[in-house]
Peer 1: 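Here it is: the structure, laid out below.
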Amino acid sequence: MKEIIVSTGDIKQNYQVLKPVFLYHTVKYVKNDYRGIEVERTLDKLIEKFKDKAIEFNGDAILFLKVDIKSKPEDNNQFFISGTLVKFK
C-alpha cells in the first residue's frame with residue numbers, strides 16, 4: 001500500500017495542492033477515560049481513514065493537519081479533522 005505522509009505543517013518538497021480534505025466523526029463518550037486512551041485510539045483510526053481518502057484522490061500527503069475534539073460527558077466525543085491534500089511534483 002502507498003505510504004501517505006501526514007504533517008501538521010509544511011514539508012520541504014515540491015508539491016501541487018489538490019484539494020482541502022475533511023473528516024467528521026462522533027463516538028460515544030467513554031466514562032473514566034482520564035488519560036485519553038480511547039480518544040487517542042479513535043484519532044489513530046481516523047487518521048488512517050484520512051490516509052485512505054488521500055489514496056482515493058491520488059494524493060501523496062496531507063499537510064497542515066488540524067484536529068478538533070469536543071468532549072461532552074453527557075453525550076459524545078466529536079472529531080473534526082482537516083488538512084490539505086497534495087501531490088508531489
Side-chain angles (χ1 to χ4, degrees):
M1 187 160 127
K2 182 177 178 180
E3 180 66 28
I4 301 296
I5 296 170
V6 177
S7 175
T8 57
D10 204 358
I11 58 174
K12 294 183 179 192
Q13 189 163 347
N14 290 330
Y15 57 83
Q16 171 189 358
V17 172
L18 297 179
K19 64 184 279 171
V21 286
F22 306 92
L23 184 63
Y24 175 79
H25 186 74
T26 61
V27 293
K28 184 80 175 147
Y29 179 83
V30 177
K31 190 175 182 179
N32 300 326
D33 186 24
Y34 301 114
R35 296 182 304 173
I37 293 170
E38 289 304 317
V39 169
E40 192 170 325
R41 284 183 188 148
T42 301
L43 184 57
D44 288 345
K45 290 177 187 175
L46 292 176
I47 288 175
E48 288 305 312
K49 283 186 178 181
F50 221 42
K51 289 178 178 181
D52 291 342
K53 188 177 270 200
I55 291 169
E56 177 184 341
F57 289 102
N58 202 28
D60 295 313
I62 299 170
L63 305 182
F64 307 106
L65 181 75
K66 181 179 179 187
V67 178
D68 290 317
I69 303 171
K70 294 184 179 170
S71 287
K72 298 179 180 179
E74 68 282 355
D75 194 14
N76 295 316
N77 288 329
Q78 300 173 335
F79 294 79
F80 183 75
I81 304 173
S82 62
T84 302
L85 181 62
V86 302
K87 178 97 177 139
F88 297 141
K89 291 183 177 182

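Starting from 1, each residue takes its place in the sequence as its number.
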Peer 1: Could you state the interatomic distance from OG1 (Thr42) to NE2 (His25), rounded to the nearest 0.5 Å?
Peer 2: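 Answer for the OG1-NE2 pair, Thr42 versus His25, is 6.5 Å.
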Peer 1: So do the side chains of Asp52 and Glu48 get within less than 4.5 Å of each other, counting heavy atoms only?
Peer 2: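 The answer is no, as the side chains (C-beta and beyond) never meet within the 4.5 Å cut-off.
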Peer 1: Sequence neighbours left out, what pairs pass salt bridge (Lys or Arg N to Asp or Glu O under 4.0 Å) with at least one residue falling in residues 14-25?
Peer 2: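 Residue pairs with at least one partner in residues 14-25: there are none.
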Peer 1: Can you list the other members of the hydrophobic cluster that holds Phe80, where links are side-chain heavy atoms under 4.5 angstrom apart?
Peer 2: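 Taking Ile, Leu, Val, Met, Phe, Trp and Tyr as members, Phe80 shares its hydrophobic cluster with Phe22, Tyr24.
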Peer 1: Output the rest of the hydrophobic cluster of Leu63: all Ile, Leu, Val, Met, Phe, Trp and Tyr residues reachable through side-chain heavy-atom contacts under 4.5 Å, sorted by chain and number.
Peer 2: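 ILVMFWY cluster around Leu63 also holds Ile5, Ile11, Tyr15, Val17, Phe64, Val86, Phe88.
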Peer 1: To the nearest 0.5 angstrom, please state how far the CG atom of Leu18 sits from the OG1 atom of Thr84.
Peer 2: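 Spacing of CG (Leu18) from OG1 (Thr84) equals 10.0 Å.
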Peer 1: Quick one: which residue pairs count as a salt bridge (Lys or Arg N to Asp or Glu O under 4.0 Å) with a foot in residues 76-89, not counting sequence neighbours?
Peer 2: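 Qualifying pairs: Asp60-Lys87.
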Peer 1: So do Val6 and Lys51 actually touch side chain to side chain, heavy atoms under 4.5 Å?
Peer 2: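 A side-chain contact exists here, since the closest heavy-atom pair is under 4.5 Å.
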Peer 1: Decide yes or no for Leu46 and Leu23: does some side-chain heavy atom of the first lie under 4.5 Å from some side-chain heavy atom of the second?
Peer 2: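 Touching, per the 4.5 Å side-chain cut-off.
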Peer 1: Side chains of Lys70 and Asn77: does their closest heavy-atom pair fall under 4.5 Å?
Peer 2: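 Side-chain contact under 4.5 Å: no.
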Peer 1: When you compare the side chain of Ile4 with that of Phe50, does any pair of heavy atoms fall below 4.5 Å?
Peer 2: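 Heavy-atom side-chain distance check fails, nothing below 4.5 Å.
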Peer 1: Quick one: CD on Glu40 to CG on Leu43, what's the gap to the nearest 0.5 Å?
Peer 2: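 Going from the CD atom of Glu40 to the CG atom of Leu43 covers 7.5 Å.
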Peer 1: Nearest 0.5 Å please: distance from the OG atom of Ser82 over to the CG atom of Asp68.
Peer 2: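 Separation between the atoms: 7.0 Å.
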Peer 1: To the closest 0.5 Å, what do you measure between CD1 (Ile62) and CG (Leu85)?
Peer 2: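 Separation between the atoms: 6.0 Å.
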Peer 1: For Asn14, is the CG atom crowded, meaning more than 12 foreign heavy atoms sit under 6.0 Å from it?
Peer 2: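 Counting other residues, nucleotides and ligands, CG of Asn14 stays at 12 neighbours or fewer.
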